[in-house]
Chemist: 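Got a structure here, written out as structure tokens. Questions coming.
Predicted, not measured: the structure shown is a model, and the values here were computed from it. Here is the naming used below: chain letters follow the sequence lines, and residue numbers restart at 1 for every chain.
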Amino acid sequence: MDNRSIAQLLFETADLLEISAADPFRIRSYRRAAEAVESSTIQLSEIAHDAKKLQEIPGIGKSMAANIQDIEKTGTLPLREELLTKYRPGMLDLLRLPGMGPKSVALFWEALQVSSIAELETAIAEGKLASLPRMGTKQIEKLRKGIEDYKKNSGRFLIDDAEIAAEKLIAYLRAFDGMDVITPAGSLRRGRETVGDLDILVTGRACTEGKVQSAVEYTAAYPLIVDLIAKGQNKVSFRLRGGLQIDVRLLPENSYGAALQYFTGSKMHNVAIRQRALKRGYTLSEYSLARVDDGSFVAGATEEEIYAALGLDWIPPELRENNGEIEAAEQHRLPALIELKDIRGDVHMHTNVTDGKNTIREMAEAALARGYEYLAITDHTKNLAMTFGLDDERTIEHARHIREVEKEMGGRIRIFAGMEVDILANGQLDLADETLAQLDVVIVSVHSLFNMPEEEMTARILRAVENPYTRILGHATGRLLLRREAYKLNLPQILRRCAELGVAVEHNAYPDRLDLCDRDLRLARELGCKIVINTDSHHTSHMEKIRYGVSQLRRAWLTRNDVLNTRPANDFLAALRPKP
DNA sequence: GCCGTTTTCGGCCCGACTGTTTTCAGTCG
């Protein structure tokens with residue numbers, strides 16, 4: 001079993017333990033072990049036979065090593081099975097609802113035998129919750145809304161999870177002789193934040209008539225399939241554990257471009273393109289662009305030749321939403337979109353001084369290895385106590401340390417001293433001005449949940465932005481995809497003020513954060529905001545997540561000129577709001 | 001549960017906020 005799946009089982013066990021009101025420290029041990037497994041570069045299945053080796057991993061002791069061995073052997077662990085005789089798997093979903101924690105799950109189970117989101121929904125509709133302690137009208141309404149949002153989002157998967165699933169499948173398919181070109185299409189190719197299902201296109205010698213059937217059989221034998229939905233002439237559909245649906249299509253080479261165009265979408269873009277084709281006497285299908293009158297083949301092997309035959313420049317997948325890209329392609333004025341290689345620095349990252357996993361030096365080396373010219377270390381402040389956030393004194397000490405490490409690096413990379421400063425209830429920052437004055441990069445971010453009217457929440461952030469030391473607004477909408485809704489904010493008002501004050505707004509590239517969606521980013525640019533893209537890395541391996549954020553920037557039609565950290569280090573600092 | 005070694009037992013990040021209370025439990029990060 002892969003590390004991710006092992007970690008998943010440990011996380012689930014921790015959740016179940018929490019519902020059963022077990023020792024909090026024991027619960028934490030399971031979570032720590034799960035995290036250790038997840039981030040380990042060693043494949044645990046390869047060393048699972050050796051309990052001693054397992055115990056060399058920090059966070060894994062004697063019992064956890066035995067648990068992992070059980071998982072390898074049986075696919076689960078005894079404690080989890082035991083807990084599942086007492087509780088129900090659906091409770092793990094309940095925990096994902098905003099405002100639902102282990103105590104509430106346990107309460108609903110004991111009082112009402114509610115063990116799933118569907119049952120909770122029924123209980124709310126029947127008014128059964130009101131009789132329970134701590135369940136006032138506001139709390140019940142919050143849950144009702146949470147269920148609504150959950151249902152809206154469920155069935156979609158974060159892009160990086162989908163991509164990992166795609167990569168695994170592609171590696172499997174490549175082993176088959178003659179599957180020469182394999183490409184993910186659909187919303188994954190368009191760089192959406194989430195994908196509903198995965199479309200994988202395959203072409204090559206194995207996809208020609210007469211040979212394709214054995215390729216289809218091979219695809220349908222993919223070991224991770226839990227539910228084979230369909231197996232046809234040139235298509236296999238199935239579901240993986242976790243619910244992700246994948247459609248694999250095997251097509252001859254002369255249809256490949258047409259298929260890629262067709263299955264990349266979006267629906268609206270394709271409708272517009274097909275209408276355009278008809279106007280010109282063509283018909284476009286997933287197999288080819290053909291003449292309407294005699295059905296003769298016009299184009300199909302590549303997307304470029306199809307778009308060209310329709311009088312269009314090739315359109316990057318991220319733009320294919322029928323948002324003006326077809327007109328722009330016709331007039332040869334598609335923007336030169338920002339690219340991954342344009343990014344010269346990442347200015348939001350954490351170290352093991354707070355809740356990160358690596359040292360300043362390790363983060364700097366990793367940034368250097370990515371080809372960056374600079375980075376900023378921006379750890380948490382004291383208000384986020386759980387992260388061991390820094391107070392003024394420790395902030396200054398930390399900044400000194402950052403500058404020392406920069407010297408040690410011998411000019412190979414610039415390291416800016418910064419902080420991710422929390423916004424307090426009154427809109428003030430939780431570091432003193434004298435401290436902020438010593439930092440290169442001050443990011444202000446809302447971390448605490450403030451359930452208050454939109455105007456008040458907005459005013460709070462505006463106050464934080466007004467602070468003359470604020471240079472970047474982080475987590476601008478505070479949303480966590482698939483988990484809860486964003487803070488209630490007047491975002492246009494905030495972005496406008498940022499633009500006036502010269503405060504940059506951050507686009508957080510981490511897939512489950514992605515604070516600004518493409519619509520927000522478009523707005524930010526329209527309002528004249530400075531835009532910064534960051535990963536908010538808590539581990540050296542997180543830095544690569546920048547590519548997902550770049551996709552979002554591309555979806556928002558941004559070019560390198562629109563993004564501050566495409567500039568060299570000194571230009572970047574100079575472009576930030578000047579310090580008082 | 002793990003860890004450390006003043007090693008076999010005691011410590012293990014905690015403050016802000018909300019909603020429901022009338023002094024605090026639960027959730028979040």
Chemist: So, using side-chain hydrogen bond (donor to acceptor under 3.5 Å, both in side chains) as the criterion, who are the partners of A:R31 when residues are at least two apart?
Modeler: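 If we apply the side-chain hydrogen bond (donor to acceptor under 3.5 Å, both in side chains) test to A:R31, skipping adjacent residues, the hits are A:D15, A:E18.
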
Chemist: With sequence neighbours left out, write down each residue that passes ring pair (Phe, Tyr, Trp, His ring centres under 6.0 Å) with A:F416, or none if nothing qualifies.
Modeler: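 Counting only residues at least two positions away or on another chain, A:F416 forms a ring pair (Phe, Tyr, Trp, His ring centres under 6.0 Å) with A:Y374.
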
Chemist: Taking the P atom of each, how far is B:dG26 from B:dT20, in whole Å?
Modeler: 14 Å

Chemist: In whole Å, what separates the P atom of B:dT27 from that of B:dT21?
Modeler: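 Nearest-Å result for B:dT27 against B:dT21 at atom P: 15 Å.
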
Chemist: Determine the contact category for A:K382: base if any of its heavy atoms lies under 4.0 Å from a base atom, sugar-phosphate if only primed atoms, P, OP1 or OP2 are that close, otherwise nothing.
Modeler: nothing

Chemist: Compare the minimum distances between each of B:dT27, B:dA16, B:dC17 and the side chain of A:N383, then state the nucleotide with the smallest one.
Modeler: B:dA16

Chemist: Could you list the residues that satisfy ring pair (Phe, Tyr, Trp, His ring centres under 6.0 Å) with A:H398, not counting sequence neighbours?
Modeler: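 Ring pair (Phe, Tyr, Trp, His ring centres under 6.0 Å) check on A:H398 returns nothing, list empty.
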
Chemist: Using atom P in both nucleotides, what's the gap between B:dC17 and B:dG11 to the nearest angstrom?
Modeler: 31 Å

Chemist: Do NZ/NE/NH1/NH2 and the carboxylate oxygens of A:K145 and A:E148 come within less than 4.0 Å?
Modeler: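 A salt bridge is absent here (no side-chain N lies under 4.0 Å from a carboxylate O).
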
Chemist: Taking pairing as Watson-Crick or G-U wobble with both contacts under 3.5 Å, can you name the mate of B:dT8, or confirm there isn't one?
Modeler: none

Chemist: With nearest nucleotides of DNA chain B determined for A:F388 and A:L95 from heavy-atom distances, which residue corresponds to the more 5′ nucleotide?
Modeler: A:F388

Chemist: Report yes or no: is the cationic atom of A:R414 (NZ for Lys, CZ for Arg) closer than 6.0 Å to the six-membered ring centre of A:F572, at no more than 45° off its axis?
Modeler: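 No, A:R414 and A:F572 do not form such a contact.
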
Chemist: Sequence neighbours left out, what passes salt bridge (Lys or Arg N to Asp or Glu O under 4.0 Å) with A:D160? Give chain and number order.
Modeler: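 Salt bridge (Lys or Arg N to Asp or Glu O under 4.0 Å) list for A:D160, sorted by chain: A:K545.
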
Chemist: Using atom P of each nucleotide, how far apart are B:dT6 and B:dG1 to the nearest Å?
Modeler: 27 Å

Chemist: Output the rounded distance in Å from CG (A:N426) to P (B:dA16).
Modeler: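 For the pair A:N426 CG and B:dA16 P, the rounded distance is 11 Å.
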
Chemist: Nearest to the side chain of A:K103, which nucleotide is it out of B:dG1, B:dT27, B:dC17?
Modeler: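 Of all the options, the side chain of A:K103 is nearest to B:dT27.
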
Chemist: From CZ of A:R394 over to C1' of B:dC14, roughly how many Å is that when rounded to an integer?
Modeler: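 Value for this atom pair: 14 Å.
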
Chemist: Checking all strands, does A:P24 fall into the base, sugar-phosphate, or nothing category for heavy-atom contacts under 4.0 angstrom?
Modeler: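 No contact at all - A:P24 keeps every heavy atom at 4.0 Å or more from the nucleic acid.
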
Chemist: Taking all non-hydrogen atoms of both residues into account, name the closest pair between A:R192 and A:Q552 and its distance.
Modeler: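 In this case the closest contact between A:R192 and A:Q552 is C-NE2, 3.8 Å.
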
Chemist: Quick check for you: among B:dG1, B:dC17, B:dG26, whose closest atom lies nearest to any side-chain atom of A:S29?
Modeler: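 Of the options given, the side chain of A:S29 lies nearest B:dG1.
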
Chemist: Rounded to whole Å, please give me the gap between CZ in A:F108 and C1' in B:dG26.
Modeler: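 These atoms are roughly 11 Å apart.
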
Chemist: Say we look at B:dG10 and B:dG15: how far apart would their P atoms be, to the nearest angstrom?
Modeler: 25 Å

Chemist: Enumerate the protein-to-nucleotides 20-24 of chain B contacts in which both atoms are nitrogen or oxygen and the separation is below 3.5 Å.
Modeler:
unit_1 : atom_1 : unit_2 : atom_2 : d
B:dT20 : OP1    : A:G136 : N      : 2.5
B:dT20 : OP1    : A:G136 : O      : 3.2
B:dT20 : OP1    : A:Q139 : N      : 3.4

Chemist: Give me, pair by pair, the N or O atoms of the protein and of nucleotides 9-12 of chain B that are less than 3.5 Å apart, along with how far apart they are.
Modeler:
none

Chemist: Determine the interatomic distance between P on B:dC12 and the same-named atom on B:dT18; round to the nearest Å.
Modeler: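 Each nucleotide's P atom is 29 Å from the other's.
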
Chemist: A:R31 has an atom CZ; how far is it from atom P of B:dG1, in whole Å?
Modeler: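 Taking CZ of A:R31 and P of B:dG1, I get 15 Å after rounding.
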
Chemist: Within this structure, what is the NE2-to-C1' distance between A:H380 and B:dA16, rounded to whole angstrom?
Modeler: 15 Å

Chemist: Just the rounded figure in Å: distance from P of B:dG1 to CD of A:E18.
Modeler: 16 Å

Chemist: Under the ring pair (Phe, Tyr, Trp, His ring centres under 6.0 Å) test, which residues partner A:H350, sequence neighbours left out?
Modeler: A:H348, A:H380, A:H538

Chemist: Please enumerate all residues that pass salt bridge (Lys or Arg N to Asp or Glu O under 4.0 Å) together with A:E126, with sequence neighbours excluded.
Modeler: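 With sequence neighbours excluded, A:E126 shows a salt bridge (Lys or Arg N to Asp or Glu O under 4.0 Å) to A:K128, given in chain and number order.
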
Chemist: Going by the side-chain hydrogen bond (donor to acceptor under 3.5 Å, both in side chains) test, which pairs reach into residues 75-94 of chain A, not counting sequence neighbours?
Modeler: A:E12-A:R80, A:T76-A:R80, A:T76-A:E81

